[in-house]
Amino acid sequence: MRIVCPTCRKVIEDAPDDFEARPFCSMRCKLADLSNWLNEAYKVSRPVDETDLE
Ligand SMILES: [Zn+2]
């Protein structure tokens with residue numbers, strides 16, 4: 001199957017159906033996405049500070 005990683009946009013043309021990290025290219029990207037999601041969930045509890053963007 002074809003995978004387009006939501007984290008880094010890498011394309012894997014021939015990933016196996018049971019590829020453990022899908023829809024990501026690797027467990028690294030999977031964990032990065034999860035940590036981003038957790039960060040976003042945390043941020044909504046307080047105002048966004050401009051220094052966060054740096
Ligand atoms: Zn990736």
Side-chain angles (χ1 to χ4, degrees):
M1 64 177 288
R2 186 170 186 264
I3 288 175
V4 181
C5 178
T7 299
C8 69
R9 305 299 175 190
K10 180 177 177 178
V11 177
I12 302 177
E13 296 289 354
D14 56 353
D17 285 348
D18 61 349
F19 188 60
E20 66 172 345
R22 74 175 186 177
F24 303 91
C25 69
S26 64
M27 291 305 289
R28 180 188 171 95
C29 280
K30 189 172 188 173
L31 292 174
D33 184 78
L34 178 62
S35 63
N36 284 340
W37 188 88
L38 291 173
N39 285 339
E40 290 301 315
Y42 174 74
K43 279 180 186 174
V44 299
S45 67
R46 64 179 176 82
V48 174
D49 189 326
E50 277 191 275
T51 57
D52 288 343
L53 303 176
E54 307 222 350

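The basis for the numbers below is simple: all heavy atoms, side chains too, and nothing from hydrogens, waters or symmetry mates. Remember, it's 1-based here, ligands and their atoms both numbered in the order they're listed.
Cys5 SG to Arg28 CZ: the interatomic distance, rounded to the nearest 0.5 Å, is 11.0 Å. To the nearest 0.5 Å, the span separating NZ on Lys10 from SG on Cys29 amounts to 8.0 Å. The CD atom of Glu20 lies 9.5 Å from the OG atom of Ser26; values are rounded to the nearest 0.5 Å.
Excluding waters, the protein N/O/S atoms found under 2.8 Å from the Zn ion (ligand 1) are Cys5 SG, Cys8 SG, Cys25 SG, Cys29 SG.
Under the 4.5 Å side-chain heavy-atom criterion for ILVMFWY residues, a single connected hydrophobic cluster contains both Met1 and Phe19.
The nearest pair of heavy atoms linking Pro23 to Pro6 is O-CD, 3.1 Å.
In this structure Glu13 satisfies the side-chain hydrogen bond (donor to acceptor under 3.5 Å, both in side chains) test together with Arg2, sequence neighbours excluded.
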